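These numbers come from a predicted model, not from an experiment. FYI, the numbering just counts along the sequence from 1. Just the heavy atoms: all of them, side chains too, but no hydrogens, waters or symmetry mates, feed the values below.
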Amino acid sequence: IVVDTFDYVVFGGTGDLARRKLLPALYHRDIDGQIPDGARIIGVSRRPQSNKAYRAEVQAALEAHLRREELDKKAVDKFLSRIHYVACDATTDTGWPDLVALLDEGKDRVRAFYLATGPDLFGPICEHIGRHGLVTENTRVVVEKPLGKNLKSARATNDAVGRVFPEDQIYRIDHYLGKETVQNLMALRFANALFEPLWNNAHIEHVQITVAESIGVEGRGDYYDTSGALRDMVQNHILQLLCLVAMEAPSSMDADAVRDEKLKVLKSLKPIGPHNVSHLTVRGQYRAGVNQSGTVPGYIDEITNKTSRTETFVAIKAEVSNWRWAGVPFYLRTGKRLANRVSEIVVAFREIPHSIFGDGEPIPANELVIRLQPDEGVKLWLQIKDPGPGGMRLKRVPLDMSFASAFKVRNPDAYERLLLDVIRGNATLFMRRDEVEAAWTWVDPILDAWAASEKAPKPYMAGSWGPDEARDLIRFDNPTREWHE
Ligand code: BG6
């Protein structure tokens, strides 16, 4: 479905995010025929250069980040014809009149400002946008993470953006919400009657959410070292996943209906602070080791600060204190340079109350494994009779749905959906201010307790599943409980 004609203004238009994600995503939407004639994509950055030179940069970005068979000459030329460039300084008036003049040519269009810059520029850019009269009724602003380093700075950023844009024109991106498999969580839970009656502490024993990466800090060491895994992954992506698993059914897919329910989950998270941080959290930092790409250096060798205590791994036992979930641990885990790249949610059901199959081995409980990436799919592990005349032998077998075999279509990148949702004015998959701040409210005391602690993060070998203490964390409540691997 073609959207309304728009001007997409990308601040940080020559940056990594624009080149790697935003421009390829818009190109894909273009070849799928969703971008209307006349729509413009305007790259903005400080360095003066011509449209022609920027178009060459965009072409190089497409070539670097898309597969050759996706690049059709005619389609690329058509896409490039939509591209414009304006040199603008976020902190002074330099260049802004040029942007004003260009945007004036499309006054009635939907106008989106995508701030793919560092968060310190969000305030100054918005201020200039406001001062130059660029906010129309149909204008939206998109902000990328990190939205703050803590509650205080998140509030300051939200205030700065909010001085120029009303809340319903602000789109806070969490790209996990645009992933097909993450959207599917809502379909799975609320388009099937089968799970809901079991989706509570009477039937679910625990939940695991893992977002494991095999990559290291990939040249982003300077940013990462001021962030760490808790801020980089848990405050946003993992808590959003937790919300989608734990929330009550919203009354509709309306943005506020969904966000109201997520907010309630965030506000129900049991606080973690100095009194319990050492029981409920484990932080780690990778050392040199061997993974799929061979021998890889340790974290400290990849960054400037040789005494850094920044965590590259975190495991947390979280709890949602409400009637549905009281007593059900949500084990959260994420890290860099782990054994594999895998993001998944495991819903572990309770064991059967009584076995009629004799005194043999205990019967493993059912598990619902929602694989977000890679090998996207859903597996429901069941007990089945192992066929044969040898009596009633049970075997654990999955009902197995793989996206790749069930749907023979390309899995679009998260940004493809999100970028056009902004134009459509659909904010369901974006975070509201109160959500971001509620997430920080839970995360801040953990950060403070870690900072106050004498202890350094636990070392773990690159290519492993993190420090041994993470295994102890999950076994603490039940010695037979393991992380899903
Ligand atoms: C980003 C983090 O938000 O998400 C990165 O800043 C991380 O550190 C990335 O690598 C993971 O995203 P994905 O889509 O590759 O799982």
Side-chain angles (χ1 to χ4, degrees), residues 176-177 181-211 234 237-254 257-272 276 280 315-333 343-355 362-372 377-383 396 398-399 401 428 435 438-439 442 473-478 480-484:
Y176 267 60
L177 294 179
T181 46
V182 174
Q183 294 176 55
N184 183 51
L185 281 173
M186 281 193 274
L188 198 67
R189 285 196 59 199
F190 304 126
N192 296 289
L194 156 88
F195 298 114
E196 181 53 24
L198 304 180
W199 211 256
N200 55 50
N201 53 8
H203 302 283
I204 292 177
E205 194 200 40
H206 74 270
V207 176
Q208 298 183 19
I209 303 179
T210 294
V211 179
V234 178
H237 309 323
I238 292 194
L239 287 185
Q240 287 292 320
L241 295 177
L242 185 152
C243 284
L244 294 176
V245 173
M247 71 183 185
E248 299 300 313
S251 58
S252 72
M253 281 293 281
D254 169 74
V258 172
R259 299 188 295 183
D260 287 346
E261 294 308 334
K262 287 196 291 168
L263 180 66
K264 284 188 215 156
V265 174
L266 292 166
K267 289 191 163 175
S268 310
L269 284 169
K270 194 162 159 181
I272 300 180
N276 55 5
L280 300 181
I316 300 182
K317 177 182 165 187
E319 207 180 306
V320 180
S321 302
N322 62 18
W323 271 53
R324 186 190 281 265
W325 294 114
V328 178
F330 281 73
Y331 299 104
L332 316 177
R333 172 176 69 153
S343 297
E344 68 182 12
I345 297 170
V346 178
V347 179
F349 289 91
R350 294 196 183 280
E351 287 176 8
I352 51 162
H354 164 72
S355 171
I363 297 177
N366 298 124
E367 263 180 3
L368 178 67
V369 179
I370 304 162
R371 178 68 92 105
L372 306 176
V378 179
K379 278 187 190 163
L380 179 59
W381 288 89
L382 305 172
Q383 292 300 317
R396 194 168 173 264
L399 280 181
M401 193 286 291
T428 301
E435 275 181 85
W442 185 71
L473 176 89
I474 199 164
R475 283 189 187 164
F476 183 80
D477 297 314
N478 175 344
T480 63
R481 201 170 280 170
E482 299 288 349
W483 290 102
H484 199 261

| Could you go step by step and tell me if Ile345 and Leu185 meet the side-chain contact (heavy atoms from CB on, under 4.5 Å) rule? | CA-CA 10 Å; Ile345 297 170; Leu185 281 173; 3.8 Å; yes
Please report the shortest heavy-atom distance between [X] and [Y], naming the atom on each side.
X      : Y      : answer
Trp199 : Ile204 : CA-CD1, 3.7 Å
Asn276 : Pro271 : ND2-O, 3.3 Å
Ile272 : Lys317 : CD1-O, 3.8 Å
Val211 : Ser343 : CG1-OG, 3.5 Å
Trp381 : Pro398 : CZ3-CD, 3.5 Å
Ala246 : Val320 : CB-CG2, 4.4 Å

| task | Please test Asn478 against Glu205 for side-chain contact (heavy atoms from CB on, under 4.5 Å), starting from the C-alpha separation and ending with a verdict. | result | CA-CA 11 Å; Asn478 175 344; Glu205 194 200 40; 4.0 Å; yes
What is the distance from atom [atom1] of [X] to atom [atom2] of [Y], rounded to the nearest 0.5 Å?
X      : Y      : atom1 : atom2 : value
Ser251 : Glu261 : OG    : CD    : 7.5 Å
Ile474 : Arg481 : CD1   : CZ    : 7.0 Å
Ile238 : Cys243 : CD1   : SG    : 12.0 Å
Leu266 : Arg259 : CG    : CZ    : 12.5 Å
Trp325 : Leu269 : CH2   : CG    : 12.5 Å
Lys270 : Asn322 : NZ    : CG    : 12.0 Å

| query | Under the side-chain contact (heavy atoms from CB on, under 4.5 Å) criterion, do Lys379 and Met401 qualify, and how do the steps go? | reply | CA-CA 6 Å; Lys379 278 187 190 163; Met401 193 286 291; over 6 Å; no
Pair up each side-chain donor or acceptor in residues 186-198 with any protein partner under 3.5 Å, not counting sequence neighbours, and list the distances.
from	atom 1	to	atom 2	distance (Å)
Arg189	NH1	Leu244	O	3.0
Arg189	NH1	Val245	O	2.8
Arg189	NH1	Met247	O	2.8
Arg189	NH2	Met247	O	2.9
Asn192	ND2	Ala187	O	3.4
Asn192	ND2	Leu188	O	2.9
Glu196	OE2	Arg324	NH1	3.1
Glu196	OE2	Arg324	NH2	2.8

Any sub-3.5 Å donor-acceptor pair from [X]'s side-chain atoms to [Y]'s backbone N or O?
X      : Y      : value
Arg350 : Asn201 : yes
Trp442 : Lys267 : no
Gln208 : His484 : yes

| note | By side-chain hydrogen bond (donor to acceptor under 3.5 Å, both in side chains), Asn184 pairs with (sequence neighbours left out) none
| Using the ring of each side chain (for Trp, its six-membered ring), is Tyr331 parallel, tilted or perpendicular to His206, with breaks at 30° and 60°? | perpendicular
| task | Going by the side-chain contact (heavy atoms from CB on, under 4.5 Å) test, name the single residue among Val207, Leu177, Ile209 that passes it with Leu241. | result | Ile209
| message | For His237 and Gln240: C-alpha separation, side-chain torsions, deciding distance, then whether side-chain contact (heavy atoms from CB on, under 4.5 Å) applies. | response | CA-CA 5 Å; His237 309 323; Gln240 287 292 320; 5.9 Å; no
| query | Would you say the side chain of Pro250 lies within less than 4.5 Å of the side chain of Asp260, judging by non-hydrogen atoms? | reply | no
| message | Counting C-beta onward and ignoring hydrogens, is there a side-chain heavy-atom pair between Thr181 and Ile370 closer than 4.5 Å? | response | no
